[in-house]
**Student:** 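Quick one: the structure is below, questions incoming.
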Amino acid sequence: MSGQLEGKVAIVTGGASGIGAATVERFVEEGARVLSTDVQDALGQEVADDAGALFMAQDVSDARAWDGVMAKALGEFGRLDILVNNAGIVIGKNIEEMDLDSWHHLLGINLTGVMLGCQKAIGAMKENPGGSSGSIINIASTSAFAALPGDVAYTASKSAVRMLSRSVAVYCAQSGLNIRCNNLVPGATHTGIIDTAAKSVPGMVEMAAAMSPLNRIGQGSDLAAAAVYLASDNSSFATGSDLLVDGGMLAVHPGY
Ligand SMILES: NC(=O)c1ccc[n+]([C@@H]2O[C@H](COP(=O)([O-])OP(=O)(O)OC[C@H]3O[C@@H](n4cnc5c(N)ncnc54)[C@H](O)[C@@H]3O)[C@@H](O)[C@H]2O)c1
């Protein structure tokens, strides 16, 4: 099916790579006009050019950079319907190894960046021509449900994002804003983040595949397809929800 996002305007953060790049491509295929952002500007520009999207360099942890991104989206497209808060990093430090700089760095991107995105997007979506409306998709992780002992900051950030989304969802609903906010929850997905983690955990990709009853690792396209659903009007009754796309990883008892 195509055209599910016809007429809609989307911002996707972390659009240079992995799930973000796949989402930029799929959203354009579905008819959306897309502004992709990332700290990797050369790769981000290349991916956006190939997909037919716009690109802007952005560090999601920087509040002023968000103002620039909103101004660009509204200046180019005149409205904002969808925000995918996708940019994220891993650090790979357990509680004993964790230093304060790494902790703040990760939380600045994975948590504060998501909060800022929600706040700025609501400001823009409230002013949409035709009335307040929009869909915010925050990329959480299965580590918001089951902890990663080797990445305490990542686990903390993703579980915080999971509840942040609910707070935003209920606030928007109770304020009559017609703005939805949902978590998209990837399981192990073959992207840059997994390749980085695999450097410190040999056999990571195979292990990740074995954790899924489907016995495979996810692809960016699996998550992009789910993001289309949450971004489209097909999900108009879904808000404050967790959409798990994890190959059944969290469905299985650890003993089986
Ligand atoms: N791959 C997985 O197995 C997996 C599982 C669960 C959740 N996730 C989440 O999915 C999201 C996308 O990750 P991915 O797997 O595609 O990894 P990725 O590394 O391929 O992509 C992440 C992108 O975010 C960008 N980025 C990093 N810091 C940024 C910043 N400060 N500002 C703007 N952009 C920044 C990177 O440059 C990169 O392009 C992340 O939030 C990640 O936590 C991934």
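For the numbers below, each heavy atom of this structure counts, side chains included, while hydrogens, waters and symmetry mates do not. Whatever order the structure lists ligands and atoms in, that order sets their numbers, starting from 1. We count residues from 1, following the sequence as given.
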**Student:** Numbering the atoms of ligand 1 from 1, which are under 4.0 Å from a heavy atom of A188?
**Tutor:** 3 (O)
**Student:** Answer side chain, backbone, both or neither: which part of Q58 comes under 4.0 Å from ligand 1, heavy atoms only.
**Tutor:** backbone
**Student:** For I194 and ligand 1, does the shortest N/O to N/O distance drop below 3.5 Å?
**Tutor:** no
**Student:** What's the shortest distance from atom 13 (O) of ligand 1 to any protein heavy atom, and which residue and atom give it?
**Tutor:** I193 CD1, 3.9 Å
**Student:** Per the side chain to side chain contact (heavy atoms under 4.5 Å, CB included) rule, which among V245, I139, L243, D246 passes with P186?
**Tutor:** I139
**Student:** Any N or O on Y154 sitting closer than 3.5 Å to an N or O of ligand 1?
**Tutor:** yes
**Student:** Which residue and atom name correspond to the protein heavy atom nearest atom 28 (N) of ligand 1, and how close is it?
**Tutor:** I89 CG2, 3.7 Å
**Student:** Any atoms of ligand 1 less than 4.0 Å from a non-hydrogen atom of A87? List them with their elements.
**Tutor:** 24 (O), 33 (C), 34 (N), 35 (C), 41 (O)
**Student:** Do you see a donor-acceptor pair shorter than 3.5 Å between the side chains of S133 and N178?
**Tutor:** no
**Student:** Could you walk me through whether T239 and C172 pass the side-chain contact (heavy atoms from CB on, under 4.5 Å) test, one step at a time?
**Tutor:** CA-CA 10 Å; T239 198; C172 289; over 6 Å; no
**Student:** Linking I/L/V/M/F/W/Y whenever their side-chain heavy atoms sit closer than 4.5 Å, directly or via other members, would Y154 and L100 fall into one cluster?
**Tutor:** yes
**Student:** Between T189 and ligand 1, which residue portion shows a heavy-atom distance shorter than 4.0 Å: side chain, backbone, both, or neither?
**Tutor:** both
**Student:** Closest non-hydrogen protein atom to atom 12 (C) of ligand 1, residue and atom name please, with distance?
**Tutor:** N86 OD1, 3.0 Å
**Student:** Can you check whether T37 has an N/O within less than 3.5 Å of an N/O in ligand 1?
**Tutor:** no
**Student:** Begin with the C-alpha distance, continue with both residues' side-chain angles, and end with the deciding distance and a verdict on side-chain contact (heavy atoms from CB on, under 4.5 Å) for D195 and H190.
**Tutor:** CA-CA 8 Å; D195 290 336; H190 205 174; 3.3 Å; yes
**Student:** Can you see which heavy atom on Q40 is nearest to which on A16, and at what distance?
**Tutor:** O-CB, 4.0 Å
**Student:** Tell me whether V34 shares a hydrophobic cluster with L80, the cluster being built from Ile, Leu, Val, Met, Phe, Trp, Tyr side chains joined at under 4.5 Å.
**Tutor:** no
**Student:** Going by heavy atoms, is G108 under 4.0 Å from ligand 1?
**Tutor:** no
**Student:** Under 3.5 Å, is there a donor-acceptor pair linking the side chains of S165 and N183?
**Tutor:** yes
**Student:** Of the backbone atoms (N, CA, C, O) and the side-chain heavy atoms from C-beta on, which set of A208 has a member under 4.0 Å from an atom of ligand 1: side chain, backbone, both, or neither?
**Tutor:** neither
**Student:** Side-chain heavy atoms nearer than 4.5 Å, only ILVMFWY residues, links allowed to pass through others: does that put M249 and I19 together?
**Tutor:** no
**Student:** With respect to V60, determine whether any N or O atom, backbone or side chain, lies less than 3.5 Å from an N or O atom of ligand 1.
**Tutor:** yes
**Student:** Would you mind listing which atoms of ligand 1 come within a distance below 4.0 Å of any non-hydrogen atom of D59?
**Tutor:** 30 (C), 31 (N), 32 (N)
**Student:** Can you see whether S102 engages K93 through a side-chain donor-acceptor pair at a distance of less than 3.5 angstrom?
**Tutor:** yes
**Student:** Check if G187 has a non-hydrogen atom at a distance under 4.0 Å from any atom of ligand 1.
**Tutor:** yes
**Student:** May I ask you to check whether T142 has an N/O atom sitting below 3.5 Å from an N/O atom of ligand 1?
**Tutor:** no
**Student:** Checking side-chain polar atoms at under 3.5 Å, does Q45 have a donor or acceptor matched by the opposite partner on D41?
**Tutor:** no
**Student:** Should I82 and M70 be regarded as members of a common hydrophobic cluster, given that ILVMFWY residues are connected when their side-chain heavy atoms come within less than 4.5 Å of each other, either directly or indirectly?
**Tutor:** no
**Student:** Stepwise, does the side-chain contact (heavy atoms from CB on, under 4.5 Å) test hold for I11 with F77?
**Tutor:** CA-CA 11 Å; I11 295 173; F77 302 131; over 6 Å; no
**Student:** Can you find a non-hydrogen atom of S61 under 4.0 Å from ligand 1?
**Tutor:** no
**Student:** How close do A146 and L250 get, counting heavy atoms only, and between which atoms?
**Tutor:** CB-CD2, 4.2 Å
**Student:** Under 4.0 Å, heavy-atom basis, I'd like to know which part of I109 is in contact with ligand 1: side chain, backbone, both or neither.
**Tutor:** side chain
**Student:** Students should be able to answer this: which protein heavy-atom is nearest to atom 15 (O) of ligand 1, and at what distance?
**Tutor:** T191 OG1, 2.4 Å
**Student:** Please find the pair of heavy atoms, one from S141 and one from K158, that lie closest to each other, and give the distance.
**Tutor:** CB-CG, 3.6 Å
**Student:** Checking a contact table here: which protein heavy atom is nearest atom 36 (C) of ligand 1, and how many Å away?
**Tutor:** D38 OD1, 3.4 Å
**Student:** So which atom in W66 and which in V60 form the shortest heavy-atom distance, rounded to 0.1 Å?
**Tutor:** NE1-O, 2.9 Å
**Student:** Within the structure, is a non-hydrogen atom of K158 found at a distance of less than 4.0 Å from ligand 1?
**Tutor:** yes
**Student:** Could you list which atoms of ligand 1 come closer than 4.0 Å to a heavy atom of G18?
**Tutor:** 16 (O), 20 (O)
**Student:** Among protein heavy atoms, which lies nearest atom 29 (C) of ligand 1, and at what distance?
**Tutor:** V39 CG2, 3.7 Å
**Student:** Counting non-hydrogen protein atoms only, what is the nearest one to atom 21 (O) of ligand 1? Give residue, atom name and distance.
**Tutor:** S17 OG, 3.7 Å
**Student:** Considering only protein heavy atoms, which is closest to atom 9 (C) of ligand 1, and at what distance to one decimal place?
**Tutor:** I139 CG2, 3.6 Å
**Student:** Number the atoms of ligand 1 from 1 as they appear, then name those within less than 4.0 Å of a heavy atom of Q40, with their elements.
**Tutor:** 36 (C), 37 (O), 38 (C), 39 (O)
**Student:** For ligand 1, which atoms have a heavy atom of S141 less than 4.0 angstrom away?
**Tutor:** 6 (C), 7 (C)
**Student:** I want to confirm something. Looking only at heavy atoms, which of S157, G192, P186 is nearest to atom 6 (C) of ligand 1?
**Tutor:** P186
